[in-house]
Amino acid sequence: MPFIVTLSSNYQITIPKSVREEQHWQKGQQLALIPKGKGLLLIPVPSFQQLQGIAAGADVKNFRDRNDRIYSKNL
């Protein structure tokens with residue numbers, strides 16, 4: 001269900017409590033504001049701790065020298 005919020009005279013909005021609770025957003029948490037057409041996306045910025053291990057188990061052998069990639073020097 002969409003929510004309607006009002007932009008204050010200081011260009012601030014208040015995110016409804018139900019949305020904050022559903023998204024598990026906390027006071028002081030950083031959010032990325034991404035312009036999308038005539039609207040915006042509001043995405044939480046992950047902490048370094050949340051990103052730790054994100055690529056665990058990835059095969060990194062020869063990842064820079066793959067022959068199936070197109071590079072500008074090959075064009």
Side-chain angles (χ1 to χ4, degrees):
M1 176 173 146
F3 291 90
I4 296 175
V5 297
T6 302
L7 190 62
S8 76
S9 60
N10 291 330
Y11 299 97
Q12 297 174 332
I13 61 169
T14 299
I15 300 169
K17 183 178 182 180
S18 60
V19 174
R20 295 189 315 258
E21 288 176 346
E22 181 180 324
Q23 297 298 321
H24 306 287
W25 290 347
Q26 302 296 317
K27 180 171 57 172
Q29 182 175 356
Q30 290 187 322
L31 302 168
L33 197 63
I34 303 168
K36 188 81 169 171
K38 292 189 177 210
L40 299 167
L41 293 175
L42 198 57
I43 309 291
V45 176
S47 67
F48 287 115
Q49 291 80 18
Q50 291 171 317
L51 294 175
Q52 186 176 9
I54 196 169
D59 182 11
V60 297
K61 290 178 121 182
N62 300 321
F63 73 94
R64 301 182 96 195
D65 300 319
R66 291 184 179 164
N67 294 328
D68 63 337
R69 303 293 186 248
I70 296 175
Y71 299 99
S72 61
K73 66 180 181 180
N74 295 338
L75 297 177

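Count residues from 1 along the sequence.
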On a heavy-atom basis, the closest approach of Gln29 and His24 is OE1-O, 3.9 Å
Of all heavy-atom pairs linking Arg20 and Thr14, the shortest is NH1-CG2, 4.4 Å
Would you say Ile4 ends up clustered with Ile15 if hydrophobic residues are merged whenever their side chains have heavy atoms under 4.5 Å apart, either directly or through other cluster members? no
| said: Do Trp25 and Leu42 have side chains that approach each other closer than 4.5 Å (heavy atoms only, starting at C-beta)? | reply: yes
field: Heavy-atom donor-acceptor pair, Glu21 side chain to Ser18 backbone, under 3.5 Å
entry: no
On a heavy-atom basis, the closest approach of Ile34 and Ile43 is CD1-CG1, 3.9 Å
How about Ile54: does its CD1 atom have over 12 heavy atoms from other parts shown lying under 6.0 Å from it?
no
Heavy-atom nearest pair, Leu31 first then Pro44, reads CD2-CA, 3.5 Å
- Message: Please tell me whether Leu33 and Leu41 are part of a single hydrophobic cluster in this structure, the criterion being side-chain heavy atoms less than 4.5 Å apart.
- Response: no
When every non-hydrogen atom of Val45 is compared with those of Gln50, the smallest separation belongs to O-OE1, 4.4 Å
